[in-house]
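Here the structure is a predicted model, which means the values were calculated and not measured. Numbers restart at 1 for each chain; the letters A, B, ... are given by sequence-line order, proteins then strands.
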Amino acid sequence: MSHGLHSLETCTYNGMDMTVLERQQARLKWQQLQNYGVQNNNPTELCASSVPQIQGFLGSSLGSGQLVEMKKPEVYLGSDDFPKFVNFSVAGPEFSASKMDLVPPEDAADYCISGTSSCQMTAFQTAVMNEEREDVILKKMESTTGRESFSKRKAEAVQDDKCKDKRVKGEVEGESEVKTKCSTEVSRNSSKENSKASEVQKPDYIHVRARRGQATDSHSLAERARREKISKKMKCLQDLVPGCNKITGKAGMLDEIINYVQSLQRQVEFLSMKLAAVNPSVEFNVDNLPAKEFPAYVANFPAAAKSPAMANLACLQFNPLQKAVSCMLDATMHPPQTATEGIASASVSIPEQALSSSCITQLQPFSTWNTDPRGLYNVYNMGFH
Amino acid sequence: MSPHHPNPSSLKSRFTTRFLRALTKINAQNPISSSSPREILQRFRRIKVAADKSMAYSVRSRRTWSRAMRWKLRSRSWRQASSVRRLKITTSCHQAIMKKTAHERENKTTTGEGVGFGVQTDELRELVPGGEAMDLCNLLDETAHYIKCLTTQVQVMRKIVDFYSP
């Protein structure tokens, strides 16, 4: 069966012929299995018999071989008897794997523990359940890794009806295509007519199907694709920037991103200032040690760090550090002149750790940090007193 | 204790090596006895430039922002240590580029690119190096990568500072 699977994998993307072939093979298998144990009441056998029944029901009611095949992995979850059944129906191994992750295992039990009622009834019930679950699964499909194959299979489903050639340009466009198609499939009125769809008949271009009731102009389609790209990227940025989960809306998100980038840049400045003041006498023997053991080789400098010269310099650093920090404030934040003078002339000696910890802890909750320079200035003020 | 970055060619380790090398150079150049705030400021500026430079070179011009940053640093060093003629060339080049990006920006705004973003996009463009010449889509990509690199930079520098502070 494996080479059968491979051949089907390669062939699924070629055209609508394979879908017909797949359906034929599905029917063949169904007929074979029907001969095996329709009358048996064993739960696994019940699945065996109910599955082809489901197929029959779905095939007749939905009128689309593709959807039947998509249901199979779901039913398959309950039993281990039909590896071949699933393998040839699914476009790729990752597809079934991802499917397995999505559908909760309780559903598998539903299919098998159907009781000893007649085969027809259970099949019908599971068919109904399948239908309800279809939109859920279709929506979940979008986010799986088998998105590419799924979008291409959906393309073939459309091909069946439209008999048109489709090429999906890239993953994003495929995703938008999947989304638009899902919305049409879910609101399916058993009419996949041409009225809902509009296709751009240009080679090597984005093929996007318009949603119901939306403009089908090529410009607006391109606009929509662009906007979806941008919103996808905003979501990625939302993951990167901490504390952005509650914020909805692009404007707020952009504000947060801007704040975060500014705070990171300021942190770099502050840390480089600290490095300038703290490390006058330490040697960095970079050449001797590999980079990947950074903590290890940094720990190899204790000799240099613990030199007595370091201790002498430590107490010398406090005042210069204060003045240096105040000069930095002057340069970067532009506080009022008089206050700067006040700080520069203050000869309060504070332990460096307190300064660093207070300032760094002030820096870290960046979300509470306003971009008003006076706010930051007050932080440093507190550090000094 | 297991090493923190097992990947020897990750961004973090590349940046760390370069930055430490630059720090060594800076320490070697300046006399250690400096304790006046002015000299510390000088060192601060050099260290800051070194940090930016090491980050930009670690990213190896795969990204627009790193290319823009390298260009900026290079032109800065040219301006600092160059003759009048070179200065004119670099400024004229810079002006040409700025005109081009301004023109591009005009085009972008007229084609209805801003979907209600307006001011914030401009601010973001100012923050991310080389952001003026990018459309919103690429700008968001570059911002994501830039944020990732900045966090790496902050982590590494903080580790160094924590190690060396008494």
Legend entry - Contact winner vs chain A - Val154(B), Leu127(B), Leu150(B), heavy-atom pairs under 4.5 Å: Leu127(B)

Inset, instruction - State which residues pass side-chain contact (heavy atoms from CB on, under 4.5 Å) with Ala144(B); sequence neighbours excluded, sorted by chain then number. - result: Leu237(A), Leu240(A)

Distance from [X] atom [atom1] to [Y] atom [atom2], nearest 0.5 Å?
X	Y	atom1	atom2	result
Cys236(A)	Ile147(B)	SG	CD1	11.5 Å
Lys235(A)	Leu140(B)	NZ	CG	13.0 Å
Thr152(B)	Leu264(A)	OG1	CG	10.0 Å
Lys232(A)	Cys137(B)	NZ	SG	9.5 Å
Glu123(B)	Asp255(A)	CD	CG	7.0 Å

Check: [Y] and [X] side chains under 4.5 Å, non-hydrogen atoms:
X	Y	result
Gln265(A)	Tyr146(B)	yes
Thr143(B)	Tyr260(A)	no
Lys48(B)	Met273(A)	no
Ser272(A)	Met157(B)	yes

Inset, instruction - Show your working on side chain to side chain contact (heavy atoms under 4.5 Å, CB included) between Ile47(B) and Leu271(A) and close with a plain yes or no. - result: CA-CA 10 Å; Ile47(B) 288 180; Leu271(A) 285 170; over 6 Å; no

Legend entry - Counterpart residues, salt bridge (charged side-chain N to carboxylate O under 4.0 Å, His left out), relative to Asp141(B) (two or more places apart): Lys233(A)

Inset, instruction - Could you look at Phe15(B) and say if it's the side chain, the backbone, both or neither that has a heavy atom under 4.5 Å from chain A? - result: neither

